[in-house]
Structures are given as structure tokens and as C-alpha cells.
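Counting starts at 1 for both ligands and their atoms, following the listed order. Keep in mind that the numbers below use all heavy atoms, side chains included, and drop hydrogens, waters and symmetry copies.
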Amino acid sequence: MNKIIMHYDMDAFYASVEIRDNPKLQGKPVIVGTRVVTTCNYEARKYGLHSAMSVKEAKKLCPKGIYLNCDKEKYYEISKTIQSLILKLSHDVEFIALDEGYIDISLLYEKYKDLDYIAKKFRERIYKHVKLTCSVGIGYNKLSAKIASEVNKPNGFFIIHDEEEFKNYVKDKNIRIIPGIGKKTQEILGKYGIETIIDLQNYSLLALQGILGHAKGIQLYENSLGIDNRKIEFERKNKSIGNETTLTVPVKNEILIKENLKNLFDGVFKRLKDSKYFSKTLTIKIRFSNRETIQKSKSLRDYSKNYLDLLSIFNELLEEIDFSKEILLYGATFSNLKESFSEQLSFKNINKLNKNNKIIELQDKIKKMEQKNSANKNRDSKT
Ligand code: TTP
Ligand code: MG
């Protein structure tokens, strides 16, 4: 089955958060950044303001703007809330920035058979929980989804169904529409008369590779035709597997919270089990209604994806938490991830240790780990 990919991107993220938290700013040009503009809302963009511009320059163009400092911790927390909402929808996701990511929605499409409905529901859900708007693009690969999410920005969505639609949409657009083509590449290609996507498509691939190098040449050529074979890589940028839930009202009920936390742990464990990773460390996060946040971690001696091993540290962690207070948020995360036992003991290590006459000791260790690994696998398949 062909993949269907959704790309989401929050609108004027940092600025929108500040406006949400201070509605008096609504309708005014709002700029976030101390020396450099990290972002500004769409009101401010009307004055020619944009990210990466100096605040000094911005103030010349828009002296009446509201200039605010960054509150990265706040944006990070909101980003985590958005990501955990998305993880409830699908685990085939790749978060590429605080406010942006890809989601494989192929299974959702099988269920609902209506892309407009999926995009609408997704945006409504994000808005309902964090009161922020986002833009969404749906495509047949990452490239088309990313380009689609820009089309009706802010607060809109667009769908590119196939390569034909892609080519039709991009043909007369500037080459900068392709993610990764920056000012420098634009300048270089400009010297060869390549300005629009159709110029790129009509250029000879060999000549393009001569200008940009083999890999970049072929990538841009393929991209101009809507070809992009990159996969969604959930773990690449997330060396942990976790989830958290924010409650709509604070809850003081030890049994209920523990039960919910256990369900959350089970869900996260399932993701670990289905992944190529073994974990050593579990962290439980709790935020109380006074916003005090605690994170408690425990580690196993060895990497594992055995349910009972990990459940035992989960239960130990629960013992350390005071459930008599009102709780607003709870989360569970596996970190300290390794792909497999054998990878820890690479050939390089073996050679090094061989020199030190430790090869027998190491072989013994490998054998024991392999035995344990296969015992774990057997037990996993029963859980
Ligand atoms: P973007 O998604 O690039 O920008 P945005 O969300 O503000 O606006 P929009 O998507 O509607 O065009 O970046 C997300 C956040 O990342 C942004 O709010 C601020 C931060 N950021 C920086 O700190 N420095 C930068 O140079 C950029 C581009 C963004
Ligand atoms: Mg954004």
C-alpha cells in the first residue's frame, strides 16, 4: 500500500503561545526574541519582519510591535503535550522540531477513507487541547506533505494526492519551495538560469550533479519531480520512548492515578517491545496541581525489553511517589536505549580486548547475554 504522510507545523509557534497566555496581545504585532527575532506573528510579518532578523532591525520596521523574551521551557512543555496527543493517534511519527513533525496516517486513512476529515479532526484536536492553531499538509511522501503544509498557512490544510498533482502545483514556484534549498544553493543555481522548479526539471541531471555534486544533484532533481523515498524515523531524534498525559482537572485518587499510570506504562512498553531497542532506565514524571514537577528514574543492571523486569522498576518507582497530593500530569519514559546486546560488543571491542588476553572472558559474557536475550524474547512473546 502507498504511504500517506501528514506534516503538521504550528503557526507562529512561540508568538502564538505568548498571545494565547496574554489575550491583550491579540491583533497586535508580536515579536519573540532578545537580540534576534526567533519568530513573530502574522501581524508583524506584514511589516516585513521574519525569523533570524535582528531585533534592532525589526524595531526600525515595526516600532509599535510588542517585543517579548523567549520562554523556551514553556514552549518545550507545550511541545511535549502536542507530541503526546499525536502519539495517541499513531506511533509512526517523526518529530523534527518543537512545533513540527511527520505522521504516517496510512492506517487512519484505511479506517476513515477521508483525508479532509482526518486533517480537520487533527487540527481541531490540537486546538482543543492547547488552544493553538497549526497547519497541516497531507501527501504521498514527506516532501509532498511538507510542501502541502505551507500552502494554506496559517491555520489551514492542503492535500497533494500524487506526483502529478505535485508537479502541477510546484512547476512555476521558486526552487526555494524545496526544503533544503537555501539562499546559497539558490544563488549558485541562479547563475545557470535555474529559478523555478520547471527550470530544475528541464535541466540535465548530469549537469546538475556537475554543479552541486553527485548526491545533492540527484536529490534536487528527484525532489523537483516529487520523488522522495525518506522514511519516517521515529527513534532517530528520540533516544527515548515515552508518553505523558495531562489531566483536564487535578486528581487526588491514588488508586485511579496508579491504574492510569500502569496503562500508560503498558502502552509505552508495547512501543519499546515493537521497536528494535532494549532499555535500561525508566523515568516516571509527575506534576502536582501546584505545578511542582518531579521525575524519578531507576535503572536495571542490563538492557532489557522483558516486561516483568521493567514492571519491577515501575513498581519500585511508584513506591517513591506521594500520591496523596492532587496530580495534573503523569508520564513514563524508557531511556538509555540500545539496539541489541550484540551491538554493545562490537568487533572493535573484541579485537581490543583480545590484545589484553581478555577474549575468553568476553566470549563468556556474549554467551550469557545471548542466552538471556533469547530467554527474554521467549518471555516477551508470552506477554
Ligand atoms: P517555525 O515553524 O519555522 O516558525 P513559526 O512556527 O514561528 O511560524 P510558521 O510555522 O507559522 O511559519 O519555527 C518554530 C519555532 O521555532 C518558532 O516559533 C521559533 C523557533 N525558531 C527559532 O528559535 N529560530 C529560528 O530561526 C526559527 C526559524 C524558528
Ligand atoms: Mg511553525
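- The shortest distance between side-chain heavy atoms of D71 and Y14 does not fall below 4.5 Å.
- The shortest N or O to N or O distance between T39 and ligand 1 is under 3.5 Å.
- Which parts of ligand 1 touch M10 is read off a 4.0 Å heavy-atom cut-off, strictly below it: atoms 6 (O), 9 (P), 10 (O), 11 (O).
- Close contacts between ligand 1 and F13 involve ligand atoms 5 (P), 6 (O), 7 (O), 18 (O) [criterion: under 4.0 Å to a heavy atom].
- Atom 8 (O) of ligand 1 has R45 NH2, 2.9 Å as its closest protein atom, hydrogens excluded (heavy atom only).
- Below 30°, between 30° and 60°, or above 60°: for Y8 and F95 the angle between ring planes is above 60°, a perpendicular geometry.
- Not a single heavy atom of M53 lies less than 4.0 angstrom from ligand 1.
- For Y75, the closest heavy-atom approach to ligand 1 does not fall below 4.0 Å.
- Only the side chain of K153 comes within contact range of ligand 1, with a heavy atom under 4.0 Å; no backbone atom does.
- Ligand-side atoms of ligand 1 in range of D9: 2 (O), 10 (O), range being under 4.0 angstrom from any heavy atom.
- Summary of contacts: the protein heavy atom closest to atom 11 (O) of ligand 1 is Y42 OH, 2.5 Å.
- In terms of polar-atom proximity, S51 is not counted as a contact of ligand 1, lacking any N or O under 3.5 Å from an N or O of the ligand.
- Using a distance-only test at 3.5 Å, with no hydrogens or angles considered, no donor-acceptor pair links the side chain of S144 to the main chain of G139.
- With a heavy-atom cut-off of 4.0 Å, T38 touches ligand 1 through backbone and side chain alike.
- A perpendicular orientation is assigned to the rings of Y140 and F166, their planes being inclined by more than 60° (bins at 30° and 60°).
- Residue contacts with ligand 1 include A12, since one of its heavy atoms falls under 4.0 Å from the ligand.
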Practice item. Give the intermediate values and the outcome of salt bridge (Lys or Arg N to Asp or Glu O under 4.0 Å) for residues D104 and K3. Key: CA-CA 7 Å; D104 183 335; K3 290 270 179 210; 3.0 Å; yes

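- Considering only heavy atoms from C-beta on, I31 stays 4.5 Å or farther from Y47 through its side chain.
- Rounding to the nearest 0.5 Å gives a distance of 8.0 Å between CG of L68 and CG of N22.
- Note that atom 3 (O) of ligand 1 has no protein non-hydrogen atoms nearby, at separations under 4.0 angstrom.
- You'll find the side chain of I327 stays beyond 4.5 Å of the side chain of N253, heavy atoms only.
- Scanning all protein heavy atoms for the shortest distance to atom 1 (P) of ligand 1 gives D99 OD2, 4.1 Å.
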Exercise for review: Could you go through the salt bridge (Lys or Arg N to Asp or Glu O under 4.0 Å) check for E254 and K258 one step at a time?
Suggested key: CA-CA 6 Å; E254 181 164 351; K258 278 186 173 171; 2.8 Å; yes

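- Taking the ring centre of Y67 as origin, the terminal cationic atom of K59 falls inside the region bounded by 6.0 Å and 45° from the ring axis.
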**Study point:** From CA spacing to verdict: ring pair (Phe, Tyr, Trp, His ring centres under 6.0 Å), F158, Y169
**Key:** CA-CA 11 Å; F158 190 70; Y169 176 73; 5.7 Å; yes

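- Within the cation-pi definition used here (under 6.0 Å to the ring centroid, within 45° of the axis), K338 does not qualify as a partner of F278.
- With the Mg ion (ligand 2) as the vertex, atom O of M10 and atom OD1 of D9 span an angle of 90° (nearest 10 degrees).
- The single protein non-hydrogen atom nearest to atom 18 (O) of ligand 1 is Y14 N, 3.0 Å, given as residue, atom name and distance.
- Contacts of H50 with ligand 1, taken as heavy-atom pairs under 4.0 Å, are absent altogether.
- For a threshold of 3.5 Å applied to N or O pairs, the pair formed by A15 and ligand 1 contains no separation below that value.
- Within the listing of ligand 1, atoms 11 (O) sit less than 4.0 angstrom from a heavy atom of D11.
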Practice item. Check step by step if side-chain contact (heavy atoms from CB on, under 4.5 Å) holds for T293 and K285. Key: CA-CA 7 Å; T293 307; K285 177 176 168 185; 3.9 Å; yes

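- Checking E100 against the Mg ion (ligand 2), every N/O/S atom stays at or beyond the 2.8 Å cut-off.
- Looking only at its N/O/S atoms, D99 has OD2 as the one nearest to the Mg ion (ligand 2).
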